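Reading through the structure tokens given below for one structure.
FYI, the numbering just counts along the sequence from 1. Atoms within each ligand, like the ligands themselves, are counted from 1 in listed order. Fair warning: this is a prediction, and the values are worked out from it, not measured in the lab. What's counted below: heavy atoms across the whole structure, side chains too, no hydrogens, waters or symmetry copies.
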Amino acid sequence: MEGVIVGGTSSQKLARSIAKLLRFKFVDVEYKKFPDGESYVRLEKSIFRKNVVLVQTLYPQNDSLVELFFLLDLINEFQPKNICLVMPYFAYARQHKRYRKWEAISSKTIAKLIENFGVKEIITFDLHDKSVIDFFNIEVVHLTASELIAKYFLKMRLKNPFVLIPDQEREEMAKVASKILNCDYSFLKKYRSRVTGEIKTKIWKDFDIKGKDVLILDDIISTGKTMLNAIKIAKEKGAKNIFVACVHYIPSEVYKKMLSEGTKLVVATNTIPSSISKVNITPLISNKLKII
Ligand code: R5P
């Protein structure tokens, strides 16, 4: 597919690197914030009747969402042949069902809006819950960065590696990573209070990590509480070295806390750009765009 890549306000660097790899035309977006906090976007040139790939991750969550809808509406004015949305981080995917009476199902609302703007395909990464895909009537290409993360650690030549998953729901990631690292994996059981947000972590099935290099892998680090609980357990169980990795890292200082708790390295992908984005998802996206 030949087309233009529009660098959304939250993913300009990633969009540029995809465009460079695929040799697509890159269209920049001028954006600014008015003094009262409202967003402004403008395309730097016409994209009349093109195949458009808009790259926009949903972080910072609310601003990037508003800007996404401004951009999609604007792109539609150019009568595009097709719109493909690359949305590496799907914010609000954790609210994919009603946990308490009368809650809004936020990810369903986002899906409806995206579809109403004529998007034909979406490429996204490591959704909190795959059921989010069912909210769409268009094609959702759901990729995982687990393999790229594991390959990053393969290059680091961990000694006697072991993959630990801090949340029972991520076993799929563990399987992929442990296969690449040629090692065993286990997972912890996590409970989160839907009211207070308090997180408790327990060992589900006992495992032996004494003297091992342990990679603790999760889809997302947000407050970091889940990961910090897992680090504590890994230390108590005698891990030799602890490495932490996630796909989506919500930028904060919490990685420093993890380092101060004895973690050797904290790494994330660039689905959300941050100072710890060491694993580049550009090749995965480019490969998919070549097929679409
Ligand atoms: C949860 O279900 C996810 O897989 C993550 O473990 C979780 O969302 C991380 O959140 P936090 O960093 O706030 O503990």
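- Atom 14 (O) of ligand 1 has as its closest protein heavy atom Thr226 OG1, 2.4 Å.
- Nearest protein neighbour of atom 8 (O) of ligand 1, counting heavy atoms only, is Arg94 NH1, 3.3 Å.
- Relative to atom 10 (O) of ligand 1, the option among Arg192, Gln168, Met227 with the closest non-hydrogen atom is Arg192.
- Every atom of ligand 1 with a heavy atom of Ile221 under 4.0 Å away is listed here by number and element: 12 (O).
- Under the 3.5 Å distance criterion, with hydrogens and angles disregarded, no donor-acceptor pair is assigned to the side chains of Gln56 and Ser64.
- Other residues, nucleotides and ligands contribute only 12 or fewer heavy atoms inside 6.0 Å of the NZ atom of Lys210.
- Look at Asp213 and Lys159 and you find no salt bridge, because none of the NZ, NE, NH1 or NH2 atoms lies under 4.0 Å from a carboxylate O.
- Those atoms of ligand 1 with a heavy atom of Ile199 less than 4.0 angstrom away are 14 (O).
- Given atom 5 (C) of ligand 1, the protein heavy atom at minimum distance is Asp218 OD2, 3.3 Å.
- The closest approach between Lys225 and ligand 1 falls below 4.0 Å for a heavy atom of the residue.
- Under 3.5 Å, the side chains of Asn229 and Thr201 contain a donor-acceptor pair of N or O atoms.
- Between atom 11 (P) of ligand 1 and the options Ile220, Thr223, Asp219, the minimum heavy-atom separation is to Thr223.
- For atom 1 (C) of ligand 1, the closest heavy atom belonging to the protein is Asp167 OD2, 2.9 Å.
- With hydrogens and angles left out, the side-chain atoms of Thr271 and Thr57 include no donor and acceptor closer than 3.5 Å.
- Annotation: cation-pi geometry satisfied between Lys237 and Phe207 (NZ/CZ under 6.0 angstrom from ring centroid, within 45° of ring axis).
- In this structure, the protein non-hydrogen atom closest to atom 7 (C) of ligand 1 is Lys190 NZ, 3.4 Å.
- The existence of a salt bridge linking Lys235 and Glu261 is confirmed by a sub-4.0 Å separation between a basic side-chain nitrogen and an acidic carboxylate oxygen.
- At least one heavy atom of Gly224 sits less than 4.0 Å from an atom of ligand 1.
- A salt bridge is defined here as a Lys NZ or Arg NE, NH1 or NH2 lying under 4.0 Å from an Asp or Glu carboxylate O, and Asp126 with Arg170 fails to meet this definition.
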